[in-house]
Amino acid sequence: MAVSVQQADFHIDQVLDELAAGRRDVGAVAVFIGKVRDINSGDDVSTLTLEHYPGMTEKSIEKIVTEAEQRWALMDSTVIHRVGELQPTDNIVLVAVASAHRGDAFQACEFIMDYLKTRAPFWKKEQTADGERWVEARNSDKKAAQRW
Amino acid sequence: MAVSVQQADFHIDQVLDELAAGRRDVGAVAVFIGKVRDINSGDDVSTLTLEHYPGMTEKSIEKIVTEAEQRWALMDSTVIHRVGELQPTDNIVLVAVASAHRGDAFQACEFIMDYLKTRAPFWKKEQTADGERWVEARNSDKKAAQRW
Amino acid sequence: MKLQILYFASLREQLGRDRESLVVEDPVNTLQDLMAQLASRGDAWRAVMSDNPNLLAAINQETAQADAPLNDGDEVAFFPPVTGG
Amino acid sequence: MKLQILYFASLREQLGRDRESLVVEDPVNTLQDLMAQLASRGDAWRAVMSDNPNLLAAINQETAQADAPLNDGDEVAFFPPVTGG
């Protein structure tokens, strides 16, 4: 398991080179990348600022990934979440999961994302033409996390 | 939509740079990578040879992706499937899907993979210590495709 | 009626060929008729064409069922269940 | 009892601080007791600490409910629903 909270962007080929490196029995890798959109709730977004709770963030992500490892047959997982100021089209988050089979990889990847959205202490603030505002938590994210 | 059947490997960062290039409203990218495992049905695999039906392969993949585009709100999709001789740890297939929201991206990516496995005319032959054999179609793949 | 016939994967090996141009003289209206005619070529052919629940076929690169009509110039392909991805 | 208290995101802005060291003299056994004491600091504090169905808290970096016990040296954090990912 590799978990990182960082300002810097990530290179996916590099992440995947390190995922389950040296193992020859990986059959399936599922990856999710979340990006900054230029629009939210109808307004143009110019900058997104991501705040987090250093220490608890890493712990809560490790907990989420450990839970995924208990539920599915995984060989390795990487979670990278960026913080600080981001612009539209920038990457925000990457979740990559390696498994023997695609069902496990897909489900674990989606599970980790759903829980990241509802349990990891990150907060987004958007700068729009009308000023800045904190992004509100979505009911759809709560529901997505309750599926599991 | 970009569909390619090729011998050459792919670079994921490059694929993702071209996916929905220029769009600033992509919020979610789901990627699946299938890889050659060193073991199958209990035997060590040294080489995997992938045969396909040129022409029909591309058409059937385009059909699968078009179906996904009708069912989910997608912004772009890329499918790359390798053919020829591959070794354990080599990439076989990549499916990448861009959407505004993660639910659409995940579902469309998994749908495309399930249908690729059951409808696109590719055939795998394995070289093992005991000689070579054609890989048999799996019931679990049929079932996975019937979910949708 | 002239057909282009393709064989893939294990079928290609069992039948010892990957393609052939076939001029059909007896009436061959459907894929089923063509399969019956090919089956009469001998044991290997019968095994593939008539005693094979796993046989798949395509006409002009579209998956086809046994009752699908055949036309002059069609490309017909026979193959086993697919195993890509 | 000495506590380290952290405030995040919109709460940090509403309360005008990101952290404080608090020496508690009245009996504060649970998170709920601490919230009641902080709520008495004024309107902004009451809005955050007592009239706020969306208030979340953690003790020593683990999510905690209102009845969770507090101990000397604990790190307590208050924050709104999370919006990462």
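Reminder, nothing fancy here: chain letters follow the sequence lines and each chain counts from 1.
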Name each donor-acceptor pair under 3.5 Å that joins a side chain in residues 16-25 of chain A to protein atoms two or more places apart or in another chain, with its distance.
unit_1, atom_1, unit_2, atom_2, d
Arg23(A), NE, Asp25(A), OD1, 3.1
Arg23(A), NH2, Asp25(A), OD2, 2.9

Taking the six-membered ring for Trp, is the centroid-to-centroid distance between Phe106(A) and Phe106(B) below 6.0 Å?
-> no

Residues, nucleotides or ligands: over 12 heavy atoms within 6.0 Å of [X] [atom1]:
X	atom1	result
Glu62(A)	CD	yes
Lys63(B)	NZ	no
Arg138(B)	CZ	no

Quick one: salt bridge (charged side-chain N to carboxylate O under 4.0 Å, His left out) partners of Arg102(B), sequence neighbours excluded?
-> Asp114(A), Asp141(A)

Which atom of Gly27(A) lies closest to which atom of Arg37(B), heavy atoms considered =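 Heavy-atom minimum between the residues: CA-CG, 3.5 Å.
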
Pairs of heavy atoms under 4.5 Å with chain A: top-ranked of Glu110(B), His11(B), His101(B), Met113(B) = Glu110(B)

Mind ranking [options] by heavy-atom pairs under 4.5 Å with chain B and telling me who comes out on top?
options	result
Ala144(A), Ser140(A), Ala100(A), Gly34(A)	Ala100(A)
Ile39(A), Val26(A), Thr89(A)	Val26(A)
Ala28(A), Ala30(A), Ala105(A)	Ala28(A)

By side chain to side chain contact (heavy atoms under 4.5 Å, CB included) - contacts of Asp90(A) (at least two apart) | Val36(A), Arg82(A), Leu86(A), Gln87(A)

At what distance, to the nearest 0.5 angstrom, does CD1 of Ile12(B) lie from CD1 of Ile12(A)?
->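 Between Ile12(B) CD1 and Ile12(A) CD1, I get 8.0 Å after rounding to 0.5 Å.
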
Quick one: which residues of residues 91-99 of chain B reach chain A at under 4.5 angstrom, heavy atoms only?
-> none

Looking only at atom types and distance, does a side-chain atom of Asp13(B) sit under 3.5 Å from a main-chain N or O of Asp13(A), one as donor and one as acceptor?
-> yes

